[in-house]
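Proteins come first, then strands; the chains are lettered A, B, ... in the order of their sequence lines, and each starts at number 1.
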There are 2 protein chains.
Amino acid sequence: MDFFDELGSAGLGSRLRRLSEVVTSQAAEVYELYHVAFEPRWFPVFYVVATEPGRHVGDIAERIGQTHAAVSQVVKDLVKHELVQVQRGETDQRRSVISLTEKGAALWPALQQQTADVRQATETLLAETRHNLWLAIGEMEYALSRQSLGSRVKAIRDARVGSAVRIREYEPQFQPDFKRLNIEWIERYFRVEEPDLKALDHPEEYILQPGGRILLAEYQGQIVGACALLRMDADTVELAKMAVSPAAQGLGIGFRLGEAAIAQARALGSKRLYLESNTKLAPAIQLYHKLGFRKTVAGQPSPYERCNIQMELVLQEVKG
Amino acid sequence: MDFFDELGSAGLGSRLRRLSEVVTSQAAEVYELYHVAFEPRWFPVFYVVATEPGRHVGDIAERIGQTHAAVSQVVKDLVKHELVQVQRGETDQRRSVISLTEKGAALWPALQQQTADVRQATETLLAETRHNLWLAIGEMEYALSRQSLGSRVKAIRDARVGSAVRIREYEPQFQPDFKRLNIEWIERYFRVEEPDLKALDHPEEYILQPGGRILLAEYQGQIVGACALLRMDADTVELAKMAVSPAAQGLGIGFRLGEAAIAQARALGSKRLYLESNTKLAPAIQLYHKLGFRKTVAGQPSPYERCNIQMELVLQEVKG
DNA sequence: AGTACTAATGTAAGCACTTACGTAAATTAT
DNA sequence: ATAATTTACGTAAGTGCTTACATTAGTACT
C-alpha cells in the first residue's frame, strides 16, 4: 500500500492484479460457505450453459469475453465433475455443444441463489465506497479502448522532448555532426556514394551557396538530427540528408525537423517540396507521409542508387 | 462487457483480472516505445534496489507487498540481464543483498524519466473518468480488509434464510421428524443409547408431560431442525436433542432454534439453562458459546456416555 | 472432384504472480 | 554445548487466464 502510494499510479497494473487476487480468493470462500463443490472460474461458462442451452464452445467464449481455449479448459473440468456433457454439433461436426447433466441441473438453483446473494453483498460493498469500483472499471476500459496507455505516454513524452528540442540553423562548427549523422544511417542500410561525400564534406559550397538551407536538432546539448533543403529551381526545393541519431529515434525529432524544413521552404518562396527515399526505410516514409508528402507518379532521374521512391508536398498550388 | 452487465457485480474478480491484463500488456508496450530492454514486472524490485541500496530479498518483498519467492524470481531474471548483482549478507550469511550493476545504474535515469511519463499519463487517464479507479481500489481494499466478502455474503444469506425459517411448537405429527433428525447425528458420531430412544419415541410422555417443550425449525416446507427443553427442577431447564439436518447446516438455523429455546426457558420461569455435549462436536460447542452458554466446572452426572462437557446459561441471577 | 482457404476446437506453453516445501544459517531454550 | 525453533531463501508447482500451434471439419473455387 505504502509502496503504491509512493510509486503512484504507475503501478496501476500490479495493483489491479493484487485486488483481483483478493476478490477471487474471497469468492472461493463463498463457495465453501455454501458447501458447493464448485470453482468460481467455472461460473461464467456454467451460467451460459444453464441459461442458454445449445451453445457451443466458441459461442460461449464470445458471450463471456474470454478465449475459446479458456472455455475449452473449463468445459473439460466441468465434464470431469459431471456437471456438463459435450455433444458434437448436428449440422457442424466441428462444434462441441455443451449441456447440463442431471447433476449440473440439480446444482443450478442453489448456484443461482448463491449468485444473487453474492451480487447483493457486492452491491452493498460498492455502495460503501465513495468511488464506485464497478463503474470506474467500465470507464477505464472505455478510456483505454479509445486511446491506449502507450500512445498516451508517447504524447506526454513527445511534449516533454518537444520543448527540449531546439532546431538550429547551420553553423560551420556543425559540419562534423552533419556528416556523422548522415554517414551513420547511409552505411547502415546502403553505401555512401560520391554525391553524398561532396555535400557532407562541403555543405557550404554544395548546399548553402546555391540557396539551400541546413537545419539541425539539438537535444540535451547534443546535435541528434539534421536535414537539408536543396534549391532545385525557382519553384522547387528538395528535402534531403534527413538523419536522426538512433539513440534519439522515436522521440518525434524527425517530425520537428520536417516541420521546420517545410516552414523554411515556404520562406524561400518555394511552391513544391520534393524528396527521394527508399521504401526499405519504412519509418522514414511514414514520417514523410505524416508531414503531408505524397508519392509522385513519375519523377526526375535521381543521382542516388539507393532511391526508389519520390514524394512531394505542394506548398502553393500553381494556378492552371 | 455485455455479459458482465448482465451477470452484475458477481463477476467482479474476473473483471478486475481482465482489466489488469489489459493495463499490464499496455504497460509492456510503453517499454518498447522507449526501446528499453526491461519488463514491467521487474519494476518494483528494480525501483527499491535503485532507491534504497543494501536491501535483501525478504526486505524488498515486504517493501513492495509481494512474496519473497516473487522477488527471488525477479532477481534471478535481473541478474541474467546483468542489471543487478547479489552478495551474501555481511552479518547474516542467509541474506541475499541486491545492488545495481553498472549497466543497471546506467539504465536507471531513463527508467525514472519513463516512470514519470507513465505516471503523468495515468493521472490524466484517471482524471478523464468520473469514478476514480485508483481511489476506488483503495477503498475496496479497505472495505474488504474490514469484512471479507465471505462474511458479507453469509450475513445476507442468514437474513434471507432467517425470514424463511419458521420455529414451530411440537405437534404429534412431527414425532417422526424429531426422531429422524436426532438419530441421524447420534449415529454419525456416537451410538444411540436407551434414554435417547425413550425420549425420541415418546416425546409427549418423557418431555412434554414433565413440563418440557419441543421446538422445530421449518424451512422451505420441511422440518430441518429440532431441539427440546427438559424440566430438571424449579429453577433449571436442560437444553437437549438439538439437531439440524446436514443439508441445512451453516444456515444459522441452530442459532434460531437456540434463541427460541432460550426465550421459552425464560417463559417457563427458569433461572438457569443447562446442557451436555461432546467436545468432538466443535460446531455445536461454538454455537452454544455464541448463544451465551459457558462451560461449567463441576456438573451433575450425565445419563449419556457421549457427554464430556457441560455448559450453562444463567437466565436470572440468583440473589445471594 | 480436387485444392486452397477458413473455422472450431483442443492442447501446450507462457505470464506474473501465489502457496508449499526443503535446506541452511541464525537464534533461543535446555 | 547441544537440541529445538525460527528465519531467509530458492525451487517447484499451481492459478486463471492468455497466445501459439496442430488437427480436423466445412466452404469456396476451379
message: The criterion is salt bridge (charged side-chain N to carboxylate O under 4.0 Å, His left out); which residues satisfy it with R94(A), sequence neighbours excluded?
response: D92(A)
task: Please report, rounded to the nearest Å, how far the C1' atom of dT9(C) is from the CZ atom of R55(A).
output: 17 Å
message: What is the distance, to the nearest angstrom, from the CG atom on D77(A) to the P atom on dC17(D)?
response: 11 Å
message: With heavy-atom distances below 4.5 Å as the criterion, would you say the side chains of D117(B) and V30(B) are in contact?
response: no
message: If the condition is salt bridge (charged side-chain N to carboxylate O under 4.0 Å, His left out), which residues does E21(B) pass it with, not counting sequence neighbours?
response: R17(B)
- prompt: Nucleotide by nucleotide, 5' to 3', does protein get under 4.0 Å of the base (B), only the sugar-phosphate (S), or neither (-) in nucleotides 4-16 of chain D, counting heavy atoms?
  reply: ---BSBBBBB--B
- request: Could you list the residues that satisfy salt bridge (charged side-chain N to carboxylate O under 4.0 Å, His left out) with R157(A), not counting sequence neighbours?
  value: none
query: Any salt bridge between D59(A) and R63(A), counting N to O under 4.0 Å?
result: no
message: Measure CG/L16(B) against P/dA16(C) and give the value in whole Å, please.
response: 18 Å
statement: Minimal heavy-atom distance between G13(B) and S20(A), with the atoms involved, is O-CB, 3.9 Å
query: Using a cut-off of less than 4.0 Å, is there contact between a side-chain N or O of S14(B) and OP1 or OP2 of dC17(D)?
result: yes
task: May I ask you to say what T91(B) touches in the nucleic acid, namely base, sugar-phosphate or nothing, with a heavy-atom cut-off under 4.0 Å?
output: sugar-phosphate
message: Between T101(B) (side chain only) and L83(B) (backbone N and O only), is there a donor and an acceptor less than 3.5 Å apart?
response: yes
query: By salt bridge (charged side-chain N to carboxylate O under 4.0 Å, His left out), which residues pair with R146(A), not counting sequence neighbours?
result: E128(B)
query: Within this structure, what is the CZ-to-P distance between R15(B) and dC17(D), rounded to whole angstrom?
result: 15 Å
- request: Note down the inter-axis angle between the two ends of the helix from dA1(C)-dT30(D) to dT30(C)-dA1(D), five pairs each, to the nearest 10°.
  value: 10°
